[in-house]
Visitor: 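Would you mind keeping the following structure in view while I ask a few things?
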Amino acid sequence: MNRLADIGWEDFERLSFDAKRPYLEREEGDGLPYHTLFAQQFDRALLERLCALANRIRFINKSKEGALYLKNVLAHKRAMLYFSQPSSRTFLSHLAACQILGITTGSVRDAATSSEFKGESKEDSIRTFSSYFDMIIMRSPERGLAEKMAWELSNSDRPIPILNAGSGKDQHPTQALLDIYTLLRSFENAGGIDGKTVTFCGDLMRGRTVRSLSYLLTNFRDVKQVFVAPQELQVPADVVMILAKKGISFEVCDNLRDAVKVSDAVYMTRIQDEWDSSKGASAKIDTSRFKFGAEELKLLKPTGAILHPLPRRDEIATCCDRDPRAMYWRQMRNGMWIRAALIAATFGFERTIMDCGY
Ligand code: NCD
């Protein structure tokens, strides 16, 4: 069940992230999310709970008996993957996560193949999906659409949860979960995420993964955030404001090499030129100093980690790929496990899995 039925859309829309959070939780009062819409829904305790569940699922899945057990856990559920924006990893890892838990899936990957093309509203499309499925995992170029759709569904006769798999330039909460899961695993024997310096580099203005991860990092103690980008693509004001308000130490600069030397993790991002207001606008920006290659690798601490949400272009040279500090391949696989954990938790199966005999 859900709580979003207790409030009108305009009233909900106006609320702060913190005030919105309780409306998105499961009614059972277990503190787990029902709808997953933005990073502000996750505090440290919840992040650690989900990472523990991901580790547990990963372990259980190692044996055939365990894998078959997991395949039965949510065999009575169906999920719809509704992606109206390009995706490889986010789509496939959610699909694989559903398969691990035995969830049957359906998908629309292009609005042109659905009735939206005939003029059906998004609200009607979503209600249609909810007639056949028990969860909608959605990606859309529209900021805030997942929120609106979550409210619509919660106020329909078939309320089902929504997972935001990327909304416009705004948020990508499940990517941030897998980024945190990767950082936790990378620093498992190095004191965890507390006290670390994390550098973001590339298109920080339009990269939704940056906004979501920057927020999640504020849940940890003494984490410094460094933002390295050409001026035109620097981190947006709302991200900076959250950090300032929370008293988080951060730095905005344009020298990647200096930042790499003091970083524990470097999070590279792609230039998001699909958002250019005029064709070729990004190509006019000099991004040559915002790439990670052999020289940067030499400067990175031996215990450092290189992350990237992918897809990459040339912002990480392929010569870095075999370095043990390159975490971007593991990040993808971690994404599948943490998404399986989130989906299981959303349906209320956290304890069942944690306490099972495997
Ligand atoms: C990111 C996205 O879609 O925001 N990709 C992803 O989900 N792994 C980053 C990007 O497209 O650059």
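Counting starts at 1 for both ligands and their atoms, in listed order. Note that these values count all heavy atoms, side chains included, but never hydrogens, waters or copies made by symmetry.
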Visitor: Is there any N or O on Gln272 that sits under 3.5 Å from an N or O of ligand 1?
Guide: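 For ligand 1, there is an N or O atom that lies under 3.5 Å from one belonging to Gln272.
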Visitor: Are Arg109 and Phe91 in a cation-pi contact, defined as NZ or CZ under 6.0 Å from the six-membered ring centre and within 45° of the axis?
Guide: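 Ring-cation test returns yes.
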Visitor: Whether Lys196 engages the ring of Phe220 as a cation-pi pair (distance to the six-membered ring centre under 6.0 angstrom, angle to the ring normal within 45°) should be assessed.
Guide: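 Here Lys196 fails the 6.0 Å and 45° test against Phe220.
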Visitor: Please report which non-hydrogen protein atom sits nearest to atom 10 (C) of ligand 1, along with the residue it belongs to and the distance in Å to one decimal place.
Guide: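 For atom 10 (C) of ligand 1, the nearest protein heavy atom comes out as Arg270 NH2, 3.4 Å.
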Visitor: For ligand 1, is Ser87 a contact, meaning one of its heavy atoms is under 4.0 Å away?
Guide: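 Per 4.0 Å heavy-atom rule, Ser87 does not contact ligand 1.
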Visitor: Please determine whether side-chain contact (heavy atoms from CB on, under 4.5 Å) holds for the pair Ile136 and Ile126, giving the CA-CA distance in whole Å, both sets of side-chain angles, and the decisive distance to 0.1 Å.
Guide: CA-CA 8 Å; Ile136 294 174; Ile126 286 278; 4.0 Å; yes
Visitor: Specify the protein heavy atom at minimum distance from atom 9 (C) of ligand 1: its residue, its atom name, and the distance to 0.1 Å.
Guide: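 Here the nearest protein heavy atom works out to Leu310 O, 3.7 Å.
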Visitor: Considering distance alone, does some N or O of Thr209 sit under 3.5 Å from an N or O of ligand 1?
Guide: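 There is no such contact.
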Visitor: May I ask you to identify, for Thr269, whether its side chain, its backbone, both or neither come under 4.0 Å of ligand 1 on a heavy-atom basis?
Guide: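 Within the 4.0 Å criterion, Thr269 makes no contact with ligand 1.
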Visitor: Tell me whether Lys118 is salt-bridged to Glu120, with the criterion being a basic N under 4.0 Å from an acidic carboxylate O.
Guide: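 Not counted as a salt bridge, because no side-chain N and carboxylate O are separated by less than 4.0 Å.
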Visitor: Nearest non-hydrogen atom to atom 3 (O) of ligand 1 belongs to which of His172, Gln175, Arg208?
Guide: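 Among His172, Gln175, Arg208, the closest heavy atom to atom 3 (O) of ligand 1 belongs to Arg208.
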Visitor: Measure the distances from the heavy atoms of Pro309 to every atom of ligand 1 and state whether one is below 4.0 angstrom.
Guide: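 Yes, that is the case, since the closest heavy atom of the residue is under 4.0 Å from the ligand.
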Visitor: Measure the distances from the heavy atoms of Gln85 to every atom of ligand 1 and state whether one is below 4.0 angstrom.
Guide: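 Per 4.0 Å heavy-atom rule, Gln85 does not contact ligand 1.
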Visitor: With a cut-off of 4.0 Å, which atoms of ligand 1 are near a heavy atom of Pro311?
Guide: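 Heavy-atom distances to Pro311 below 4.0 Å select 10 (C), 11 (O).
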Visitor: Does atom CZ (Phe59) have a neighbourhood of more than 12 heavy atoms from anything else shown, all under 6.0 Å?
Guide: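 Count not over threshold, so no.
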Visitor: Is any side-chain N of the basic residue among Arg49 and Glu350 closer than 4.0 Å to the acidic one's carboxylate O?
Guide: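 The answer is yes: the pair qualifies as a salt bridge.
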Visitor: Between the side chains of Ser16 and Asp18, is a donor N or O closer than 3.5 angstrom to an acceptor N or O?
Guide: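 Their side chains do not contain a donor-acceptor pair, so the 3.5 Å distance test is not met.
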